[in-house]
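Structure first, then comments.
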Number of protein chains: 2
Amino acid sequence: MKTENQVQNPPPLATIARLGEHAGEEVCLRGWVYNLRESGKLLFPQFRDGAGIVQGVLFQKTAPPELFARVKSLTQETSVEVTGKVRADARAPGGYELEITGLEIVQLVPPESPYPITPKEHGVDFLMDHRHLWLRSQRQTAILRVRHEVIRAVREFLDHDGFILADAPILTPAACEGTSTLFEVDYFDDKAYLTQSGQLYAEAAAMALGKTYCFGPTFRAEKSKTRRHLTEFWMVEPEMAFAQLDDVMALAERLVAGVVARVLQSCPRELAVLERNLAPLEAVQLPFPRISYDEAVERLRAAGSPIEWGGDLGGTDETLLAREFDRPVMVHRYPAQVKAFYMQPDPVRPEVAMCVDMLAPEGYGEIIGGSQRIHDLDLLRRRIESHHLPEAAFQWYLDLRRFGSVPHGGFGMGIERVVAWLCGIEHIRETIPFPRTIYRIFP
Amino acid sequence: MKTENQVQNPPPLATIARLGEHAGEEVCLRGWVYNLRESGKLLFPQFRDGAGIVQGVLFQKTAPPELFARVKSLTQETSVEVTGKVRADARAPGGYELEITGLEIVQLVPPESPYPITPKEHGVDFLMDHRHLWLRSQRQTAILRVRHEVIRAVREFLDHDGFILADAPILTPAACEGTSTLFEVDYFDDKAYLTQSGQLYAEAAAMALGKTYCFGPTFRAEKSKTRRHLTEFWMVEPEMAFAQLDDVMALAERLVAGVVARVLQSCPRELAVLERNLAPLEAVQLPFPRISYDEAVERLRAAGSPIEWGGDLGGTDETLLAREFDRPVMVHRYPAQVKAFYMQPDPVRPEVAMCVDMLAPEGYGEIIGGSQRIHDLDLLRRRIESHHLPEAAFQWYLDLRRFGSVPHGGFGMGIERVVAWLCGIEHIRETIPFPRTIYRIFP
């Protein structure tokens, strides 16, 4: 941007998030016009640069007329390079204001075809159709930053704990838990399916690496239209060799507590933008309550649910149960009949599975599902048979029980549900940059 | 594993990687038998636990006969809990040996149906059919650990540099660069395609976040059978607003130099297992050479290539050219006609694109492809038209040029190619836990 004839050095390039390092100095910012407010002979344009928002000030009586006119002409989302002096101002949102000394327009959004998302209320379909622009709003940017921090915290936690990443394939030949909710792909002259879970592969990797995780997109072709469902969502799945249900629960609660603490520490501005009540998040301390499915059913019946022993918990039951605790609750040992074929039966009560679901507080439902896996070859074979699964497709999985089988277990944590909970937002579709649902695959 | 009647405390649980912390002490290890060597009245079983390999020693004359017989019966990949005294031994690979004092078998691999992968040579198809077991080999585990470290280094580099993760969707409605190499998915009553690149979405996110990246699996239904191609591979794609080609190149070389340094520092044991010559990696220092496509063509012709100005570089050309440098070389400003529709033309020579490919040394080919993107609405429209792409499908992408367009750019880096290069391995199929190629979607 320099020219050879430039006499003065241009002011240093700064970002809004780090304006404080330049208090009293003149800086250059590159960004977009978020808003423009006029008050008599004062202009207050707000600029965003992806890392923050700052308010600029321009006085008509001291500004060059040409500059004043240019700033006055700014439309929402016009891209600019603005220079100005950084002034501490306790009333400003970030603590600083910019006394504008110059402004160049990079691209003016024409007043006759303005930015479609205005401060007025828009319908959800309209916003989702404009998701590529809606992402720029303060609220959506805050959610993306919380998501970034959640994913970073999960990975750093597991890496630090000695887990080695081994990503599972997305294109798979067979179903993990039946084929009814699988997306089918044309794979050259064959058929493939999009993965619903990397778990079976993570089990193989755990026998190679001891502690491992996979972390990628997973897919469910469910025709669910609830606010908790996406067809494409990200899941982290740690898996440990030589581990039992208690180890799985201990890891799950440490991970969730660690992620919550990290987001509280790193994202105070984002949580403020989202108007998140912090008290319920600050209560998320170890240890988490652990109750058996039996106790959960008793509590639910006492609270008025019609649930009978033997059935899975519905969304309403999950909300009802979670309400009784001030932190995530781990419900373990569900009836084996409602759970997946690979779950280890309880040694003293084989009708229940050595599994755990973690339910988030405040009605956010299941965020973790995990279990100890069957490590006995013959038992696993019988389960594959009784679940009417094709044994041939599972020969490689059975190999893990033929060659050095050990007790092992792990869980899957759905990233979008955790982000929805931490952000305190109602619908999961805002927790992923470009959501995919039964009705939406655009943009 | 404790019983109530246990009199002695069991020895502490240790991992092989951290045996040194227990020198002189008795410890318990959980793992698998990697190998068993006999020498007269001595047994030398090797154990692996996912984090390392250690050799145990047992003398017939001092061992309880029952223990000696049990250790002698061990088969490859049998899972065990072994106790022993840690003894420093300079000749041992990890610097320590284990004087075995006890051993419990968790699951004995039956001698009559032994572990299928033996120390003898196996064909590649056999190994790939047994990928779920092959992962346990020292070589494959080393590659997975290097891969883990590469991914971790990339994420930490970008996070530290202020990039915010915004993952692009996998299921997309339209093609980024034509539909011939796309996998088609049945999406309820519609069709969807697996993403080839998250770039267009990353551009939208860059306008919201300033600096962003996506990092996920990408798919190409290419019928390539070369050692450099997979149908499913992972790619990281940083994208920056207010950036030009020089900024893209500066980021690319800093990222690659940072990743190489990190792997050299963190993975010395893994690189030793892989017998990687470290000298070419240690030479990867900033700055990387930058040559124009014009110069590349001249150099190639001088080196005997039949290449003519105007064509893309083939694999052989890439290898030939990279051989002239001791570090990755960045080739910029290719003819626009061989590059994607969205690339910014050079302002003084519009027949070349403001793009860059980074070629790895030692014949590993292109590891990065990037460019400055067209930010002018009318020019981008004309390019969409001249490339015979459906403008309707790109309206949302054009919106990025209607509302606050700025010069911007980024690149994609293929993780598997970087891992292959750093590990010094010939075929890319070993760089991902469960490779997918035109002929393979199993296990």
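In the text below, chain A, chain B and the rest are named by the order of the sequence lines, each starting its count at 1.
- When each of P110(B), A17(B), A221(B), G162(B) is checked for heavy-atom pairs under 4.5 Å with chain A, A221(B) comes out on top.
- For P169(B), the parts lying under 4.5 angstrom from a heavy atom of chain A are both the backbone and the side chain.
- For the set H375(A), E184(A), M207(A), E77(A), the entry with the most heavy-atom pairs within less than 4.5 Å of chain B is M207(A).
- Listed for the Q107(A) side chain is a donor-acceptor partner under 3.5 Å among the backbone atoms of R402(B).
- Considering only heavy-atom pairs separated by less than 4.5 Å from chain B, the leading option among T231(A), I432(A), T75(A), D189(A) is T231(A).
- Every pair passing salt bridge (Lys or Arg N to Asp or Glu O under 4.0 Å) that includes a residue from residues 205-217 of chain A is listed here, sequence neighbours excluded: D161(A)-K211(A).
- Between the H148(A) side chain and the I164(B) main chain, no donor and acceptor come within less than 3.5 Å of each other.
- Rounding to the nearest 0.5 angstrom, the gap separating the OH atom in Y193(B) from the CG atom in D186(A) is 10.0 Å.
- Interface remark: of the candidates Y439(B), Y187(B), W134(B), Y187(B) forms the most heavy-atom pairs closer than 4.5 Å to chain A.
- For P435(B), no part lies near chain A; criterion is any non-hydrogen pair under 4.5 Å.
- At distances below 3.5 Å, not a single donor-acceptor pair connects side-chain atoms of S79(B) with backbone N or O atoms of V406(A).
- Contact annotation for I438(B): both backbone and side-chain heavy atoms come within less than 4.5 Å of a heavy atom of chain A.
- Only the backbone of F163(B) comes within less than 4.5 Å of a heavy atom of chain A; no side-chain atom from C-beta onward does.
- Contacts of E222(B) with chain A are made by backbone atoms alone, with heavy-atom separations under 4.5 Å and no side-chain atom involved.
- Aromatic pair F183(B)/F188(A): centroids less than 6.0 angstrom apart.
- Here D159(B) is the residue among T141(B), D159(B), D49(B) with the most heavy-atom pairs under 4.5 Å with chain A.
- Residues passing the side-chain contact (heavy atoms from CB on, under 4.5 Å) test with L144(A) are L135(A), P433(A), L209(B), sequence neighbours excluded.
- With rounding to the nearest 0.5 Å, the separation of CZ in F442(A) from CD in Q395(B) is 8.5 Å.
- Of the listed residues (P116(A), A205(A), G210(A)), the greatest number of heavy-atom pairs within a distance under 4.5 Å of chain B belongs to P116(A).
- Contacts between E232(B) and chain A at a heavy-atom distance below 4.5 Å involve the side chain alone, from C-beta outward.
- Of the two parts of D167(B), the backbone and the side chain both hold a non-hydrogen atom closer than 4.5 Å to a non-hydrogen atom of chain A.
- Proximity of a side-chain donor or acceptor of R436(B) to a complementary backbone N or O of L171(A) within less than 3.5 Å is detected.
- Contact annotation for R440(A): only backbone heavy atoms (N, CA, C, O) come within less than 4.5 Å of a heavy atom of chain B.
- For L194(B), the part sitting under 4.5 Å from any heavy atom of chain A is the side chain, from C-beta outward, and nothing else.
- Only the backbone of R401(A) has a heavy atom closer than 4.5 Å to any heavy atom of chain B.
- Top candidate by heavy-atom pairs under 4.5 Å with chain A, chosen from S113(B), A241(B), G31(B), is G31(B).
- Distance alone, capped at 3.5 Å, places no donor-acceptor pair between the T78(A) side chain and the G404(B) backbone.
- Of all heavy-atom pairs spanning V106(A) and P407(B), the tightest one is CG1-CD, 4.1 Å.
- In this structure, the portions of I441(B) lying under 4.5 Å from any heavy atom of chain A include both its backbone and its side chain.
- Note: H132(B) NE2 to D399(A) CG = 3.5 Å, rounded to the nearest 0.5 Å.
- Each of I170(B), D376(B), L377(B) has some count of heavy-atom pairs under 4.5 Å with chain A, and the biggest count is that of I170(B).
- With a 4.5 angstrom heavy-atom cutoff, V33(B) does not touch chain A via any of its atoms.
- No donor-acceptor distance shorter than 3.5 angstrom exists from the side chain of W396(B) to the backbone of P443(A), with no hydrogens or angles considered.
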